[in-house]
Every structure is written in C-alpha cells, then in structure tokens.
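By convention in this document, chain letters (A, B, ...) are assigned in the order of the sequence lines, proteins followed by strands, and residues within each chain are numbered from 1.
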There are 2 protein chains.
Amino acid sequence: MTENNDTELVGVKEIARRANVSIATVDRVLHNRTGVSLKTKDKINAIIAELDYRPNIMARRLASKKVLRIAVLIPSVSSETDYWDAPLTGVSQAEAEIKAYGITVEKFLFDQNDKASFHAQARNVLKDYYDGVLLAPMFVEESKEFVEACQKRDIPYIFINSDVPGTNCLSYIGPDLYRSGYLGAHLANYLINNEDKILIVNISQEMDNHHHLLRKEEGFRAYFSENGKSMSIAKADIRRTDYPSVKKELTLALQAKDVRLIFVTNSRVSVVSRFLEESGIRDIVLIGYDFIKENIDYLKRQKIDFLICQKPQEQGYRGIMFLYNHLVHSASIDRTYYMPIDIITCENYQFYRN
Amino acid sequence: MTENNDTELVGVKEIARRANVSIATVDRVLHNRTGVSLKTKDKINAIIAELDYRPNIMARRLASKKVLRIAVLIPSVSSETDYWDAPLTGVSQAEAEIKAYGITVEKFLFDQNDKASFHAQARNVLKDYYDGVLLAPMFVEESKEFVEACQKRDIPYIFINSDVPGTNCLSYIGPDLYRSGYLGAHLANYLINNEDKILIVNISQEMDNHHHLLRKEEGFRAYFSENGKSMSIAKADIRRTDYPSVKKELTLALQAKDVRLIFVTNSRVSVVSRFLEESGIRDIVLIGYDFIKENIDYLKRQKIDFLICQKPQEQGYRGIMFLYNHLVHSASIDRTYYMPIDIITCENYQFYRN
DNA sequence: CTGAAAGCGCTTACAG
DNA sequence: CTGAAAGCGCTTACAG
C-alpha cells in the first residue's frame, strides 16, 4: 500500500521534515514557483506524490489573503425578454455560496441587440485583472476576439448558452441545440397527423448564418426526414420583434395555409400565442422555448402546449461553480456540459426549476 | 448607514477591542456558551449586530479541528432495482465537494423489503454521534421512532424521496407525489381518446394505506374527474414483484378488456413493458416512473412512451448540501423542497441528469 | 466570569 | 537558492 490513509496528518510540515527543507521551500514547489534547485524540487515532488498530499484548501485561502475575481459577461434583462434574469440569478446564487471562500463575482451586462455594448463591456473586463471569465458569446466574431485576449493573459473562460467552436474554452455549458429542435419535432409528432401542415417561426433581430436558432430548425426538420415523414413544413423568418410586425408576418404566413402546428425556435413564442389568441385561432398547436413569465401565462391557459427549457439558471450557477472548482480546487472540468432538455406543460410548470 | 461595507476587516479582534474584552469572551458569546455575564454578553451582541459581523468560516473550521459527521440512511441497490444508486451518487458527489471543509459522510444502507434491516441500521446511527442525518423514511412507523430519538439528541434530520408529516424535520426533499400522478394523467390524455380504457398498475411488496404509490394514483384519477372526463379506469395491485407473478396478474387484468393505456405508479414499469413485448401487444401506451437502466432500454425502443422522473441524484446531493449549509453556514433551509417533475422520452433521455 | 497564549495548515514578506 | 518568523481569523485548553 502506497496509499496514505491519515490524509489529515500530512501537511507541508511533514513534507518539509521528510525532505529536510523548510516549509517555505515546500510551498515554492507546491506552487511551481522559481527559486528552487531542480534536485530539491524533485525530491519534494516525490514525497508529495508518495504521500498523496492534498493541500488544505481552507488554510490556503485563509493564509493567502488573495481574493479570486470572476467576471461575468452576459446580456442584460431587456424590456423584450427577461430570459437573462435566470442565468444572472444562478450566478448570484453561486456567488453567495462561495463568497465565504474568498471569491468575488463581478457582472458586466450588455445589450444583446447591440454589438458595441458587448465590445465595450469586454474591454472593461480586460482593463482590470480577473482570474476567470464566464460569458455568453452572443456575437461570434467579437467573442472570438475577446477570448483570444483572455488566452494571452492565461485567463480561463467558460461559455454558456451557446458555444464557439475552435476556441480553447475551459467548458461549454448549455443546450445541444440540434437535439432540442429534434425533440421539438418529436413532441409535435405526437400532436398532429401526417397530412398536417407545420410552420417554423424564427423571431430575431440578429440572424446570421451561425445563428443558434438555425441549429434548432435543422434538428426539427431532421426528425421528420429521418423518420420518413414528409410533413409540409413552411417557415417564417421575422426580423422585427415588436408585436405589430410579428402580427403582420404571421398573418401573411398563415394565409391560405392550413397550418396545424407552429414551432417557435425561441422564447418569443408568447408573441405568437398572443397573436393566435387575438385572432381567435384555436386549433393550432404551439411549441416554443423557455420558461419565462410571458410564456408561462399562455402555457397555464394551454394556449402554448409545450415549452422546451434548458435550465438557464443552472447554466449560470454551474458556470461560476466550474470556474470556482477550477481555480480553488484545481478540479478537472468537462469540456462540454449539455443541459437536460426539459419539457414543460401546464401541469408541471410549477415544479420546474429554471 | 449602519451597514458595514468593510466586512473583511471586522473580526473577533475588532469586536473584542470595541467591547473591551478578550477575543475568547467574544468567541463564547458567538457560540452561545456559558460563563459570560449577561451584561458583557449583551454588550458584545450589540456590537456584533451593529457591525453585521459574519464569521470567517474558513478560519472557524480550520481552528476548530472538529469534523462534522453526517449519517445517510437509505435503501441499498438491490438486484430488483438500481434506483437507489442515484441518490447515493448524489450523496457521494456532495461529499466530495465538501470534504475539503471538514465534513464526513457515512452511509448506512438497508434493504427496502426488510424493516428489520432498517431498524438495525437506524440503531447503528444512534450508537455513534452524528451532527446530522439524511434518511429515506421507507417505513413510516420505524422512521418516526428513529427521528424522535434524533430530536432528543438535537440532531437535525432531512427526509428524501418521501415525507413523514408531523415530524420536525429540517426539510423534505423529493417529489410532490399527488402532482406527479396528476401530470401522468395529463400526458395520458394527450395520447388516448375519451372512450379508451386505462389500467393503473401498482407493483410493490409493501403497501399500506400510507404508501406513496397511492398518492400518485389519487393524483392520476383526480386529473380525469377534475376535467370532467369519465374515462374507464381499472386497477391492478400486484404484490409480488417477480416476472412470473406480474405476468400472471397482468394477463388477468388485461383479459377481455380493451385497455389502451397503462400507468405504472413506480419504476417497475419495465416489467410491464417486458410483458407487453413478449405478449406481442403493441397498441398499449405505457407511462411509468424513473430513469433507471431497465426502463431506458424500453424507452429507447419506444416501448415505454413516457417516464416521469424526480431527480433522485439531486435529492441525495441536495440533502447533503442542505445539511452542510445548515451546520456550517447556519443557512436557513426550506421546509419542503419539491423536485421538478421531469418528463422523459426517447428523444431527451440522453440529456437527462438524474 | 475572564484573558493570555498556542495552534489550525497554510502563505507572505524579508533576510541571508 | 533557502529558511525563520509573522500572520490569516478563528478555537481551544489552561490559568486565574
């Protein structure tokens, strides 16, 4: 047995005694600092390995008065949607849990319809020194630029909500978008017949080729083609998010068609529901995204049939905790951490935790 | 402003200085120990309140070499079902996260088909001293007796999986059983027509009047009556859990009836699915409980249509973390913490986290 | 009822 | 390249 069971008894003191050095030298090796002869270093490392030494985190953080600072770069809650309230809540929750351990979390919120505000806040993060960053890379190019700067400074960063492939992030925490669209189709399939018509609705101001809504749409369509169902699927891309615009576009899209089901690829589903209600249309099944106040109102009254949710609060919470575990406990972190794909109905919504 | 922003600078030393006493006396007041004159105590408490003093948890746990011990009293994994593997995993996960802070978790597993084993393990817990207990009160009377003993010793305890009303537990963490049955009915309602027949199946060895499966059945029935649907609902209580017995009973229950949907009130749904498959019955919709290996196999192949899950792993995780937060951070704990009611299908099961 | 001192297991200057 | 000493903010005997 090389294993040591009296873990509690092994500390820097014991290592120093065995290596015939002072604890300061042990500390230097432990933190990979310079100023230790290779010979001493090797000897100490051997002892550390042999004893399977685990540093006492509490003593470490107590002695080193250093406070670890985490920066959070996510969209602010807007009048349009309070979706980002959930991740923020999760962040704050994690913050409360770990602040006793000397961790500080600072929030930099930007306007998700305004690239410049993202850029400005990213610059603010870089102006100061942070030990880790959690961000929602809403703007792909700008985000890439930002994380490259982080990389240069050796600042670890984690993405939530959507991923940016090709970066060196510590982790991506969020949905598997394709799969969630696929599931949406599967649910749809329960509620309609083969000959029914489907309308996919994308409502978003910003919409480039990498947009994550398109991944959901892909998944949605894939379900039907993979299962040999040749449903008739129409599509409406709506770029203006105000109600009159949406109304106009929807009216157009539904004209002369016999749509039985609408799949809205994001949280704007409540606007669609409002339109259907005001138009007195009652026989269209509605599936959309996200557990937000506006949507729940319609879900309750069964105007929306299903909401697909991806635990935005937990994304924020996990993001901070991953960073904390990485920085404090040197824990290894999953490169991608997919959120569960939750289905919310009027029956279970009261038990849902975002 | 009575608030103090330099929280970091306020410690026992500062309090002692202001009160003109030694830090030992401050410590006595902080921990409500005897041996301090009322006058001194009041003075110190006033200062503590005024400064909004928050003890440094790391220093506290480091100085007090005392290790906090938590006992976990839950069923063991049996050959019949590995359901309890999930809570155990959650417990271990929490344990790993907090062991650096001087918390120890000891597991006492019992056989859920054997009251005597519960009794024996409960006695083992009481023999030693623990600072907190997490238990699944599978046997109501025995559990009541046990927690009364805890109460007498001032040991806080938390229930998971099912509640025991009338006790003084710190918290109940688990499903709202009635609601989950209600949801089961709601899902059922999507998949069948008004004239279709339903069969409720309870499979359990132990089954008294307080049994939690009955709460699910109640909820299930309530949905239909509350929504004015007069479905024909039959019921099969199966007390022997081996396959031949279940097969016999199911054959009987399905005889001469035109059952379109079966609702199994617990994780034994896989046995029912096996029966249906072996009997070549393909047109019966099947809804049941729990994300366990046996069930997932059938779910994947769409032999089971829906599984309702209640995050057993998180129940174990939360249970330990609640106790930890209570013991270490003196955090206030929710008296009941209902788990979300998750719906699992063949599409989203791979993203489900138990 | 109260206080001075040692110590928890580390890190941080500082001195050599 | 290395070590002795002070200190992080508490708790724990021990002495009075």
Side-chain angles (χ1 to χ4, degrees), chain A residues 4 6-45 47-48 51-68 99-103 327-330, chain B residues 4 6-45 47-48 51-68 99-103 327-330:
Chain A
N4 190 295
D6 300 280
T7 314
E8 299 312 322
L9 298 177
V10 175
V12 284
K13 217 189 283 180
E14 172 66 8
I15 296 170
R17 198 185 60 73
R18 297 206 190 195
N20 253 312
V21 297
S22 73
I23 56 170
T25 299
V26 174
D27 193 65
R28 285 183 186 100
V29 174
L30 243 20
H31 294 283
N32 222 355
R33 293 198 198 93
T34 56
V36 183
S37 73
L38 191 59
K39 198 179 148 192
T40 316
K41 186 173 172 176
D42 286 346
K43 198 208 293 184
I44 292 175
N45 271 328
I47 295 172
I48 287 171
L51 296 180
D52 188 28
Y53 165 72
R54 310 290 170 94
N56 182 317
I57 301 299
M58 294 183 294
R60 176 175 283 182
R61 303 231 20 88
L62 183 61
S64 130
K65 297 277 316 174
K66 198 190 165 210
V67 166
L68 293 174
K99 83 163 171 227
Y101 303 118
I103 319 293
L327 296 171
V328 173
H329 296 284
S330 310
Chain B
N4 191 296
D6 300 280
T7 315
E8 300 309 323
L9 298 179
V10 175
V12 283
K13 217 188 283 179
E14 172 66 8
I15 296 170
R17 197 185 62 70
R18 296 206 189 196
N20 252 312
V21 296
S22 72
I23 58 170
T25 297
V26 173
D27 193 66
R28 285 183 187 99
V29 173
L30 242 21
H31 294 282
N32 221 356
R33 293 197 199 94
T34 56
V36 183
S37 73
L38 190 60
K39 198 180 146 192
T40 316
K41 187 173 172 176
D42 286 347
K43 197 207 295 184
I44 293 174
N45 272 328
I47 295 171
I48 288 171
L51 296 180
D52 189 28
Y53 166 71
R54 309 292 170 92
N56 182 316
I57 300 299
M58 294 184 294
R60 176 176 282 183
R61 303 233 19 90
L62 182 63
S64 129
K65 297 278 314 174
K66 199 188 161 210
V67 166
L68 292 174
K99 84 164 170 226
Y101 303 119
I103 318 293
L327 295 170
V328 173
H329 295 284
S330 309

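Side-chain nitrogen and oxygen atoms of A:Ser37 include at least one within less than 4.0 Å of the OP1 or OP2 phosphate oxygen of D:dT2. Checking the phosphate oxygens (OP1, OP2) of C:dC10, a side-chain nitrogen or oxygen of A:Tyr53 falls inside 4.0 Å. In terms of phosphate contacts, A:Thr25 brings no side-chain nitrogen or oxygen within less than 4.0 Å of OP1 or OP2 of D:dC1. In this model, the phosphate group of C:dC8 is not approached by any side-chain N or O of B:Ser64 to a distance below 4.0 Å at OP1 or OP2. Note on A:Lys65: a side-chain N or O is less than 4.0 Å away from OP1 or OP2 of D:dG9.
Going from atom NZ of A:Lys13 over to atom P of D:dA5 covers 14 Å, rounded to whole Å. Put simply, CD1 on A:Ile23 is 14 Å from P on C:dG7, counting in whole angstrom units. Rounding to whole angstrom units, CZ of residue A:Arg60 and C1' of C:dC8 are separated by 16 Å. D:dT2 atom C1' lies 14 Å from atom CZ of A:Arg33, rounded to whole Å.
Between the CG atom in A:Leu62 and the CZ atom in B:Arg61 there is a gap of 13.5 Å [rounded to 0.5 Å].
Side chain B:Arg61 to base C:dG9: no donor-acceptor pair is found below 3.5 Å.
By the 4.5 Å heavy-atom criterion applied to side chains, B:Asn45 and B:Ile48 are counted as neighbours. By the 4.5 Å heavy-atom criterion applied to side chains, B:Ile57 and B:Tyr101 are not counted as neighbours. A 4.5 Å side-chain heavy-atom check between B:Val12 and B:Tyr53 finds at least one atom pair inside the cut-off. Side-chain contact between B:Asn32 and B:Lys41 is present, with heavy atoms from C-beta onward closer than 4.5 Å.
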Nucleotide-level pairing of DNA chain C, given in dot-bracket where Watson-Crick and G-U pairs need both distances under 3.5 Å and | marks other strands: |||.||||||||.|||
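Paired with B:Val10 under the rule side chain to side chain contact (heavy atoms under 4.5 Å, CB included), one option of B:Asn56, B:Leu51, B:Asp52 passes, and it is B:Leu51.
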